Each structure stands twice: as C-alpha cells, then as structure tokens.
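Excluded from the calculations below are hydrogen atoms, water molecules and symmetry mates; all remaining heavy atoms, backbone and side chain alike, are included. Bear in mind the structure is a predicted one, so any value in this text is a computation, not a measurement.
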Amino acid sequence: MALHTPTTTPSVFVGGRKGDKFRFTVLADGLVRYEWAPDGSFEDRPSAFAANRRQCQSDALPSHRLVESARCIDIHTSRFHLTYRKAAAGFSPETLSARIHGPLGSTWRYGDAPATLGGTCRTLDGVDGRTHLEPGVTSRTGFANLDDASMLFTADGFIAPRKEGKDRVDAYLFCYGHDYRDAVKALYRVSGAPPLLPRWALGNWWSRYYEYTADSYLALMDRFAAARVPLAVAVVDMDWHWVRDPRVVEAGASGWSGYSWDTNLFPEPREFVAELHRRGLKITLNEHPADGVARYEDVYKEMARALGHDTSHGDAIPFDITDRAFVKAYYGIALRHVEEDGVDFWWTDWQQGTHSGMPGVDPLWPLNHFHFLHNADLQRRRGTRPLVFSRYAGAGSHRYPIGFSGDTVTSWASLAFQPEFTATASNVGYGWWSHDIGGHMLGARDDHLTARWAQLGVLSPVMRLHSTKTRWVAKEPWNLPLGGPQETVVEFLRLRHRLLPYLHTMNKRAAESGEPLVQPMYWEHPEREEAYGVPNEYCFGTQLLAAPITAPQNRAIKTGKVRAWLPPGTWVDFFTGVVYDGDREMWLSRTLDKTPLLMRQGAIVPLDADEDGGANGAANPQGLEIVVAVGADGRFDIMEEDESFEGYAEEPRWVTTSVALDQRTGVLTIGPNRSGALAYSRRWKVRLLGVRDPTGITASVGGLTTASVATAVENGTMVDLGRIAPGDTAVLFLGPNPQLSVNDFKSLIFPILYDAQVSFELKEKIDEIITPKDVPASIRVGQLAALDMDEDLRHVLNEFLLADSRS
C-alpha cells in the first residue's frame, strides 16, 4: 500500500532510516542529493563542495510530493520526477532514474554522465590552446550530475577524510532544464555563496616573476604613476624570500618555499610595504609551501618549539596541511611573521599534486580554506575583506576567490581559449578567474598579441599582467612600440579603473544574487542555437556584451576580426558608436586600438569620469560619466560602499544612485545624488552613445535649469552636467523618443581603406562603389563581391554597409 506524503513533508530526507542503504535529500526544486551507504551510515558532515548543506536543509523545504511503497519511491517536484525501485544491490540504470518536466522531457538514469556545457579545471599550467574542462552543473539535456568526493569538515571546523568503501555513493543531480542561472544558484545554495570582493581587487594588478629590489619595485610603481596608468595590487613573486642564498644550498632546499624576506633585495621589508601602501596599493606575496620550513628561516626555531620538531640535525619542518598542530603554527607563526610587515594577502602557488597526509584529501582544498579563514581574521582587524589568490580545487572553490589560472604558453592559441575558459567556468559557479595576461612563458614576442590579451584582461573578472623570469618578456606598456600596441595597452588599463563603478556593482550582484560577472551567451538565450556557437562571446555584467578578438591582425588591412552573434534587438558599439541590427551572425573587424564591446538599446554603464582612470587604488570616484544607449527604457543602480564606518567589511553599507531613461519622454534622470557619509558634490557627464546630433538637449540640476554643454565626440554626444550636490537630482531632456543616429558607413570605411596595404587600383574601384548616394546596401555588397580582394577587407566593407539597415 502506497504511503502518500503531502507537499509539506516534515523532512528533506527520503530513506536513510534504520536498515536503509539509500537516502535522498531534496535540496531545491531542481536539486536532489542521492546516497548509497552499504553499512547504512550516511554522511551528514558538510563537505568542501557542500559546505552549506546543513543550512540548505534547514531552510524552507522545497515543495515536493513523495509517494513511497515497499518497492518503489517517487519524488515529484515542479522540475523533475525521480523514481527509485528499491534494490539490495545498490543503484543501477534500471533502479534509479529521473525525468525532467517541460519541453525537454529528457530522462536521466544512474550511471549516465550527461554531457554538460563544461565547468573549469585546476590550472592552465603549460597549456598552449585548449584543454579539457571538468563538468559543470548546466547541460543541454537538462540534467547534470556531480559526484562529491571532496574532504569533510568536522564539528570544530577542521578537516576529515571520507569513510572508506568503493561502493559508497554521494552525488547531486541538478534538474534545471535550460534554466542555467537557476542551476548555478542551486549550486550556491548547497555550496555557499561567493563572497563579496574588496573593491580594490577589481583594479589593475601588476605582477612579474622577476628579481626586484625594494628600490626597483618602488621605482616601477612610480613609473606607472608618471605614465598615468593606475594600479591597485602589487604582486611580488617568489624572489621576495631567500632563493639563491648559500644557506639555501647548504640546507639542500629548493628555494621555492620561503618565509623570510631576502634582505639583500628588501633590506627594510616593513618600510617597503608601507611605501606601497602610501602609493595606494595592496601587496601580495607568492608562496610555494610544499617544501616546509627550512632551518635558515627566521621562524624555524619558534615553529620547531610549537611542533616539538627535533632541530639537532637541521631538518626542515615538513609541510602538512592536514595536521592540526602544523596548521596552527603555519598560520599563527610562519605567515603571521611576514604579515606583521603589512602584507595584505597571499598568492598560494600550489603545484605539488593532489595527495596529502590524509587519505583522499587534496591539499589544495585545505590550503584555500584555511588561507581564506586566516585572511578573514587578518582583514577583520584591518577593516577590509578577505582574499586568497590560488588555484581551483574543485566544485565549491568559488568560496575562495580569486582563482589563479596558471602558467599559460604565450601564444594566440592560448589567448583564443581564455574567453571561453572564463565564461564556461560560470557553469560551475566559478566567477573570479585571474589569468596571466599576455601569457606567462615560451612563445615569441608579438606586440599585437600583447595588446589583444590586455583588452581581454580588462574585460575579464580580474586584470593581472604577468610573465615569467626572463629579460626578454616584460609587460610594462612603455616597452611596447608607439603607434598602436603601447597606446592600446595604456588606454585599456585606464579603462579598467574607469569601469570600477560598474564592476563593483556587478561584484555586489555576484555575491548577493548568484550572478557571475562573465556569463556565456546561452545563459541569456538558451533556446537559440547561435548562442552555443560563439563560446568566446559573453555577457560582461548586465549591460555589456563582449566579443574579444583573439586572432592575429591582418597586417595588410590592419584589422583583427571575430565571428559574433548579435542577439535580437539593436546594439551600439561602446568604443565607436556604430549601430548594429541584431538577431544575426556577422564578422566584427576592429583596428588594434578597439575591440567589439556592445550595448543594447536601454543599456546604461557608469564610468569614473577621470579619463586617466584616477589614482592608484580603488576609491569611490570624484565624478562619474554615464554611458547611455538610447532607444529603449533603461535603468542602472550604481552601488557604492560607505567605507567610513567601522565594520563595513562584515556588514556592507551600500549607497545607491539610480540612473533611469524613460524612452517615450526622452528623460534621463540621475539621482538623487548620494547622501550620508558619502555626501559630497561630484561632477557628472553623460555620453549618449551613437547619438551624433547634440542640438536640442537641455538639463536641470536640483530643479534649476543648467547651462549644460552638449558636444559631439567620436562615438556620440557628451553632455557635461557640472557638479551635482548631495541630495539633488539631475534631469537630462533629450526630446521625445530619442534614437540612435544612422551610421555614416563612408566615414567608417574610408579610414580603414586608406590605411590598407592594398593596390591603389582596388581602392579606386571600391571608392566608385561606396561613394554614390541612394544605392541600396545590398547592391553595393553585390558589386563588391565581384572584386578580387583580401577577404578581411571584404569583411570590413560588408560589416559597415550592412550594420544598420536604416543606412
């Protein structure tokens, strides 16, 4: 006789009773945990993956219906119907299955490994191009399965291995159809939400594997400042500690691990760190901990006393992240000894495999976990937020940002994979990758490659320039040639800091709403086949669509290109103001100084108004520029933090400034401007992207008409609203139903044609086709098709002729 349980089931558990070897846990309407325990002993401790499972289980129960008999269990939710035919031999494809509701109607069976849309991987060390990605929790079949073999946490917060037994099953079935965002939010629900990053982590990072001295490093930081290139984080790679000292050789050490400053290079470490802080920079040091603590380290004797280590032979103290006593001494003595000099966080550079002193425990997991907890304690005392910079250990690693993706090969193939790699990582909730921008090692010098990689870095979660130790590789912009690469890198590094108001708002969204900054196109358009065919194209926050150029420049035409898909709607390019009809695929070509970055009508993006990107660090801006794409209603709430009160890091105090466009009336409203502790007058500008006519625009600030200045700029119209006082509102009157200007395809084509290294005869023939008035674009395209020319030049001509159907 069937036992019917109502939707208000008093427990999330199904099975797991005395004598049962199976247990199911309904964690969300599309997420179920399924376990098989031959001894009937189930695992209730949180794991590295399912760290939030207890909270998840104690939350409001997902609506579900259970039908159980002596032979069968059926669990129904709004998303799936799971069936288990009870069997003594364990789960099998015949006994355990689930069917997803909705149009897909697909069925999963135990043992199936659904082809997911991919997740991410531990590292890109040595990768030249593509590499295998671990599964994510999104799939076109509607199902994704995640086996949890990660370490466990004890009641007092330490780590533990899993129970032994090859027949044990601990797995999670995600049944979300094509609701990819919901699948990732379910992952966060059971695993824990990504933390809010400190704002400064979103600025430019300088990093280079190089033997700096204190003086040379500070001089380099001053050179960046003189070039008006803002930085936020100063990374000092492993040569901060003893590497080649005779004592290292005498101890038989490798020199990779170290916990004492090399005072030949940094004679006054505390003063060096203080000087970086005075320059508005945070500092992180690289550590390779696997070799333990050698006898020449400053902390050797203190560590030895704490651990009862015999020092009579001068043996190194072994590194063991699974030993309680060592963990306490490692963080409380070895790292804290260096942190007392003012170091802000650590770059944990673990490359020594997946085995530890505890069976089945990958040492990278506890390293990331304990580093993050340790830094949280440190930053709590300093009044900011925790950060760890390390490699990915597996699903759930999003709780320990930021990710270091490893030592990539410097090649176009590596660059071509990184946008896809970054976007796909969101399928397993890993939203804060930091790459070695420009490539780490090997390869050959290619200044155009460096420039394109820098563009990608600026439009990535974290922008960190880095390279290996060789005099022949350096990423300082002034080492690049004038006339393209140098200017491109400088302007994009400045843009990164100008984007901080937008990026930090997206940072809040990621932490509170489970929305990674970078998202694949198919998250937004899951039923469009085209969205799956552009893996390197992605949504960069809520307002921007990026399609980075990752292929070499055509040296004759002087453009690079990318095949992109423009979703339905009308789009306008962030850099050029060129308007594009959507709902189609097309080649987008750009000169080296630009990369395709698009805004849909109604999109609004806030920038720091300082065109140099401001000073070092990441302070709230003294003025803002609002970039607007007219043609549809739009709204953006700029989120800024009041960092002036004690405890802001643990309980953020957000101040909101709203920007809204009413398309029908053509009224753009800003404010009221922020108040409270952040109340001070700021200058505001509005850039009307793709609007070429500045006449007829008026404005009022605080209810008073202002003599705002509207002027034509390269990509649209700029309106200077002047200063807005605290509590005031600015209103910009654009006229009813404002529209993007029609492209002038001739002004777009002729500069590129002029620079193209092709025959004058061909240019004359193209001119004869382009210049006449009142000729349909389709006719011009047909006439151009009859000419023999470089295909990349043809792509440029077709793009601008066909971009905007109104022209």
Side-chain angles (χ1 to χ4, degrees), residues 51-52 157 188 191-205 230-235 273 276-277 280-285 331 335-336 338-340 342-348 367-390 396-404 429-434 460-464 496-497 499-517 541 616-621 638-656 677-678:
N52 200 48
Y188 290 154
S191 190
L196 184 70
L197 299 185
R199 193 176 193 269
W200 48 261
L202 300 171
N204 292 317
W205 296 31
L231 300 173
V233 177
V235 182
V273 174
L276 289 174
H277 286 162
L281 300 166
K282 301 294 184 180
I283 177 174
T284 180
L285 303 179
Y331 290 99
L335 297 192
R336 183 150 295 182
V338 182
E339 290 165 350
E340 288 173 351
V343 172
D344 295 289
F345 65 103
W346 291 93
W347 173 7
T348 306
L367 266 170
N368 289 351
H369 178 71
F370 290 129
H371 261 76
F372 195 80
L373 293 181
H374 174 72
N375 194 252
D377 179 64
L378 174 69
Q379 302 302 357
R380 191 176 299 112
R381 289 182 275 116
R382 295 181 179 179
T384 185
R385 293 201 179 85
L387 202 67
V388 61
F389 184 38
S390 185
S397 293
H398 61 268
R399 297 194 307 277
Y400 312 114
I402 292 171
F404 164 49
Y430 201 69
W432 295 114
W433 268 125
S434 169
S460 293
V462 176
M463 172 56 184
R464 178 180 55 86
R496 178 68 186 198
H497 275 237
L499 281 165
L500 282 171
Y502 178 71
L503 293 171
H504 196 43
T505 301
M506 295 300 110
N507 179 23
K508 178 180 186 292
R509 170 178 175 254
E512 296 184 2
S513 302
E515 296 267 6
L517 171 66
N616 282 347
N620 289 320
I638 306 170
M639 307 305 298
E640 297 173 283
E641 285 187 89
D642 177 1
E643 300 180 358
S644 65
F645 76 99
E646 186 176 350
Y648 92 94
E650 295 181 4
E651 296 183 15
R653 182 176 294 177
W654 294 99
V655 177
T656 305
L678 294 182

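Residues V338 and V343 meet the side-chain proximity criterion, which asks for heavy atoms closer than 4.5 Å. Residues R496 and L503 are in side-chain contact: their nearest non-hydrogen atoms beyond the backbone lie under 4.5 Å apart. With contacts defined as side-chain heavy-atom distances shorter than 4.5 Å, the pair W200/T384 qualifies. Using a 4.5 Å cut-off on side-chain heavy atoms (C-beta onward), L285 and I283 make contact. P621 places none of its side-chain heavy atoms less than 4.5 Å from the side chain of L500. Between W346 and H371 there is a side-chain heavy-atom pair separated by less than 4.5 Å. The shortest distance between side-chain heavy atoms of L367 and S390 does not fall below 4.5 Å. Residues R385 and P195 have side chains not in contact (no heavy-atom distance under 4.5 Å, counting atoms from C-beta outward).
A distance-only check finds a donor-acceptor pair linking the side chain of N507 to the backbone of L197 [under 3.5 Å]. Between the side chain of R464 and the main chain of W205, no donor-acceptor pair closer than 3.5 Å is present. Not a single donor-acceptor pair under 3.5 Å links the side chain of H398 to the backbone N or O of G431. Not one N or O on the side chain of T284 forms a donor-acceptor pair closer than 3.5 Å with the backbone of V235. With Y400 contributing its side chain and V388 its backbone, the two residues share no donor-acceptor pair below 3.5 Å.
Taken from NZ in K508 to CD in E515, the straight-line distance is 12.5 Å, to the nearest 0.5 Å. Residue I638 holds its CD1 atom at 12.5 Å from CH2 of W654, rounded to the nearest 0.5 Å. For the atom pair CD1 of I402 and CG of L387, the computed distance is 4.5 Å after rounding to the nearest 0.5 Å. With rounding to the nearest 0.5 angstrom, the NE2 atom of H374 is 9.5 Å from the CD atom of Q379. Put simply, OG on S397 and CZ on F372 are 12.0 Å apart, with the number rounded to the nearest 0.5 Å. Summarising the geometry, atom CG belonging to N616 is positioned 12.5 Å from atom NZ belonging to K282; distances are rounded to the nearest 0.5 Å.
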*Determine, step by step, whether V273 and L276 satisfy the side-chain contact (heavy atoms from CB on, under 4.5 Å) criterion, reporting the C-alpha distance in whole Å, the side-chain angles of both residues, the deciding distance to 0.1 Å, and the verdict.*
CA-CA 5 Å; V273 174; L276 289 174; 5.5 Å; no
*Yes or no on side-chain contact (heavy atoms from CB on, under 4.5 Å) for L499 and M506, after CA distance, side-chain angles and deciding distance?*
CA-CA 11 Å; L499 281 165; M506 295 300 110; over 6 Å; no
*What's the verdict on side-chain contact (heavy atoms from CB on, under 4.5 Å) for T656 and M639, showing C-alpha distance, side-chain angles and the deciding distance?*
CA-CA 5 Å; T656 305; M639 307 305 298; 3.1 Å; yes
*Where do N620 and H504 land on the side chain to side chain donor-acceptor pair (under 3.5 Å) test, with the steps shown first?*
CA-CA 10 Å; N620 289 320; H504 196 43; over 6 Å; no
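Using a cutoff of 4.0 Å between basic side-chain nitrogens and carboxylate oxygens, E339 and R382 are not scored as salt-bridged.
The minimum heavy-atom distance between A510 and P516, with the atom names listed, is CB-CA, 4.5 Å. Closest approach of P198 and P386 over heavy atoms only: CD-O, 4.0 Å. The two atoms that bring H277 and D344 nearest to each other are NE2-OD2, 2.9 Å, heavy atoms only. Between P461 and L517 the shortest heavy-atom distance is CA-CD2, 3.8 Å. Smallest separation of non-hydrogen atoms from S191 and A51: O-CB, 3.7 Å.
Exactly one residue among W433, F389, W432 makes a ring pair (Phe, Tyr, Trp, His ring centres under 6.0 Å) with F404. That residue is F389.
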